[in-house]
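Quick notes on the structure that follows.
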Amino acid sequence: MPAVAASVAPATPIPFSREPAPAASGGTSLLVAALLLGAAFAALWVLKRRGWNGAALAKGPRMPPSGVSVAQRLRLGPGCSAYVLHDGDERLLVVEARSGVQVTALRPLERPANEGEFR
């Protein structure tokens with residue numbers, strides 16, 4: 001069989017367009033989302049620690065508590081806690097359990113004549 005001459009076109013570059021690289025790959029965008037979510041939770045935690053409970057915007061400025069304050073809290077067990085409350089000059093012992101709540105008035109704190117000395 002005789003050899004057939006083939007016509008070969010001169011080599012020309014293949015036209016292409018350079019597409020922009022994606023802004024962030026899947027791993028990077030996941031890391032950015034995790035960081036933003038962590039920052040949001042940290043901000044909410046700080047606001048909660050400072051006393052903002054989410055209802056402050058609806059009620060306006062917060063007013064100081066009306067005299068009753070918790071002086072001490074003691075956890076006695078998984079379902080039982082004891083609180084010492086102050087209401088002006090009166091002190092109350094509140095014991096909260098799964099079975100109910102018990103409130104007892106405490107005697108006024110008796111201070112010795114020489115307050116500065118410890119025995």
Other cluster members, [X] - Ile/Leu/Val/Met/Phe/Trp/Tyr, side-chain contacts below 4.5 Å:
| X | result |
| --- | --- |
| Val95 | Val84, Leu93, Leu106 |
| Val32 | Leu36 |
| Trp45 | Val46 |

Starting at NE2 of His86, measure out to CD of Gln72 and round the result to the nearest 0.5 Å.
-> 7.5 Å

Drop me the distance from Thr104's OG1 to Gln102's CD, to the nearest 0.5 angstrom.
-> 4.5 Å

Return the set of residues passing side chain to side chain contact (heavy atoms under 4.5 Å, CB included) with [X] (not counting sequence neighbours), or none when no residue passes.
| X | answer |
| --- | --- |
| Ala33 | none |
| Leu92 | Leu85, Glu90, Val103, Ala105 |
| Arg98 | Pro78 |

Could you go through the side-chain contact (heavy atoms from CB on, under 4.5 Å) check for Leu47 and Arg49 one step at a time?
-> CA-CA 5 Å; Leu47 288 173; Arg49 297 277 297 175; over 6 Å; no

side-chain hydrogen bond (donor to acceptor under 3.5 Å, both in side chains) involving Glu96 - partner list, sequence neighbours excluded | Tyr83

